[in-house]
Each structure stands twice: as structure tokens, then as C-alpha cells.
Amino acid sequence: MPTLSIILPFHNEAEGVRNLFQRLYPVLGGLGLTYEIICIDDGSQDKTYGALCHEREMDQRVKIIKMARNFGKEAALTCGLDVASGDAAITMDSDLQHPPEVITDLVAKWREGVDLVYAIRSNRKTDSYLRRLLSRAFYAVFKAIADIQMPEGAGDYCLLDRKVINAIKQLPERNRFMKGLVAWVGFTRGMVNFDVQPRQGGTSHWNLFRLVRFAFDGLTAFSTFPLRIWTWCGALISILTFSYGIYLTVRTLISGVDVPGYASLMVGMLFLGGVQLLSLGILGEYMGRIFSEVKRRPLYLISEQSGFNKE
Ligand code: UDP
Ligand code: MG
């Protein structure tokens, strides 16, 4: 019988743990598969770890990894994929925003032979207006400049066949923009739709600042366009200023020296200064990421694990 690994990242989700498992078991029981539930405690400061241990006492198919600190959701998912032993894995949020009932549809598609099944959120009703706007902008920019196709509304709720898991495990980068990595590897794709649910307890871990940084991670990981655009801007500005220079020279030769010019000088200087700082900033963004790649630090550190054979 094929096996399925459910991968759940937890960061301060103690109050919802019991509820989540209560919803998961009936769905998983009805699949006719053997399964394991891999819980990654991503440095929670509340009682999440205790609640997970309690679940494991009741059912040994629950396996737990406790990270040494909070390494972020992307690292937690990477860790889950590293230790998963199933013929397929499903990654999903642990706050019940991703309804477990959708697993049945995901597995049905997988059985039809699809390697990568996305659960696509059919709306963003649970997101704030600003977040919706930003996410739409992100997808538009990403689509325009990135080298890969990522379906809009696809999040981290998806089913990955063993082939896809092994492919992702081969990707060595530190910058884990999981959605992008999953899309990058290819294979046959399918989709199922679902309605995002309101969060059960707690609040989202993504504030505006973190979201923008995350969007930058995604863009810089899959596009060099922001780097290259400055070549074109530079060329354009050079051509314009060169023509203006010729015009000024000719005008001075014909009608003599003319002192006023403060406004045009200021505007030109400030504008160019701004453009230069912006392009330097972009260089810095990429350089920072190259720096973190060359350091080759591990993506995550495990402090405790139960249910896994190795170590
Ligand atoms: N999460 C995590 N580590 C983090 C932040 C979040 O493992 O540093 C988990 C969190 O427990 C949840 C999932 O990632 O299961 C999604 O997080 P959240 O609900 O805060 O994000 P949103 O649904 O608002 O995108
Ligand atoms: Mg959530």
C-alpha cells in the first residue's frame, strides 16, 4: 500500500492542535492509505510541543521534530520534506486555514497520475484589503519577470509525488521560496480548488514587513531582471543627458552664456542620485542573498525528534 506523509509546520499554534488532529483523522482514515503525520515545531514559545507530544502518545503515526529555534515556515517545510518517507507528501498550514477535507481531492488527483497537485484558494476573503492588493501586485510582477510559472492562488497547500520531493531535495539553495521551488521542478501538474477558512485562534505570523521581504525573496530567487534593468535605465539616461549636453553646447555657442539653470540642475542631480541609490540597493539585495548562500549554513537545526529511525 502506498504511504502518504502529511507535513505540518507549527509556530505557536497550541490552542488549535487538538482540533486539527480531530479533523485530520477521519479524512486520512478514509483514504485507504498508510500515513504518517510529520509535525515540525518551528521554535514555538507556547505549549505547542507538549500538545504534539500528547498527540503522539495517542497515535504513533504522529512524528515530531522540534527545531532549535524559529527558522521560518520555509525551513520547516524543507525539513519536513527531508524526513518524509511517503510515496507522496502533502504540505499544509496547521491553523486549519487549509481544510483537511481537501486532502481527499488531492489524493484522488495523485491517483490519476498527477505528480504535483496544487490546492488553489478560490478567494482571499480572509485576507485584509492591503494584503490582497499586495499579493495581486506580487503575482503580476512575478509573472512578468520571473523565469517560472506559478499559478495565482497556489500557496503551500499541495501534494508532491516522491519524484517531486526528490527533485526539491536536490535544490541546494539557502533561500527557500518553497512555492517557487515547487514550481521550478516541473513534472505533471493538477489543481483542485478550496475555500480558505478563517484562522482558528492566534494571529497570522506575517506582518507587512515580513510579507514584503518574503516577496523580495521570491522575486530575487527566480529573476535577475531587477539587476539587469539598470543597464537599460543607465543607457537611456546616458543618451538623454548626452543629447541635452549637445543642445546646451550649441545653445551657448549661438546665444552666449546664460546663468540661470538652478532648477534644472537640482532636478537632474536629485533624480540621478535617487536612481543610483535605488540600483545600489538592488545590488545590495542580491549581494546579501549571495552572501547567505556562500556561508552554507544549515537551513535548520533539530533539537529533538521522535518517530524517526535515524539518530
Ligand atoms: N509558521 C511556521 N513558522 C513561522 C511562521 C509560520 O511554521 O515562522 C506556520 C504556522 O504555524 C502556520 C503556517 O506556517 O501553520 C502559516 O502561517 P500563518 O497562518 O501565520 O500565515 P498566513 O496563513 O497568514 O499566510
Ligand atoms: Mg494561516
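Every number for a ligand or one of its atoms is a count from 1 in the order of the listing.
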Where do F216 and R289 land on the side chain to side chain contact (heavy atoms under 4.5 Å, CB included) test, with the steps shown first? CA-CA 11 Å; F216 239 93; R289 282 165 179 82; 3.8 Å; yes

Could you tell me if any non-hydrogen atom of H98 lies under 4.0 Å from any atom of ligand 1? no

Close approach of M67 to ligand 1, heavy atoms, under 4.0 angstrom: no

[atom1] ([X]) with more than 12 external heavy atoms under 6.0 Å:
X: F187; atom1: CZ; answer: yes
X: H54; atom1: NE2; answer: no
X: M58; atom1: CE; answer: yes

Numbering as shown, the atoms of ligand 1 that approach [X] to under 4.0 Å (heavy-atom distance):
X: G72; value: 3 (N), 8 (O)
X: R199; value: 18 (P), 19 (O), 20 (O)
X: E13; value: 10 (C), 11 (O), 12 (C), 15 (O)

Indicate yes or no: does an N/O atom of A76 lie under 3.5 Å from an N/O atom of ligand 1? no

Looking at [atom], what's its closest protein heavy atom, distance included?
atom: atom 6 (C) of ligand 1; answer: H205 ND1, 3.4 Å
atom: atom 1 (N) of ligand 1; answer: H11 CB, 3.8 Å
atom: atom 24 (O) of ligand 1; answer: S204 OG, 2.5 Å
atom: atom 19 (O) of ligand 1; answer: D95 OD2, 2.6 Å
atom: atom 25 (O) of ligand 1; answer: R131 NH2, 2.9 Å
atom: atom 9 (C) of ligand 1; answer: P9 O, 3.8 Å
atom: atom 23 (O) of ligand 1; answer: Q97 OE1, 2.6 Å
atom: atom 4 (C) of ligand 1; answer: D42 OD2, 3.5 Å

How many degrees, to 10°, between Q97 OE1 and D95 OD2 as seen from the Mg ion (ligand 2)? 110°

Side-chain contact test, heavy atoms from C-beta onward, threshold under 4.5 Å: evaluate it for T91 versus C158 and give yes or no. yes

For F10 and F21, take the angle between the two ring planes, folded into 0 to 90°, and tell me which bin it lands in: parallel under 30, tilted 30 to 60, perpendicular over 60. parallel

Using 30° and 60° as the class limits, which term best fits the ring planes of F194 and H98: parallel, tilted or perpendicular? perpendicular

Salt-bridge test for [X] and [Y]: reply yes if a basic N is under 4.0 Å from a carboxylate O, no otherwise.
X: E13; Y: R199; answer: yes
X: E15; Y: K47; answer: no
X: D93; Y: K73; answer: yes

How does [X] reach ligand 1, by side chain, by backbone, by both or by neither, if only non-hydrogen atoms under 4.0 Å count?
X: D93; answer: both
X: N70; answer: side chain
X: E74; answer: neither
X: K73; answer: both

Determine, for F71 and R69, whether the Lys NZ or Arg CZ falls below 6.0 Å from the six-membered ring centre while staying within 45 degrees of the axis. yes

Give the minimum heavy-atom separation between E101 and R23, together with the two atoms involved. OE1-NH2, 2.9 Å

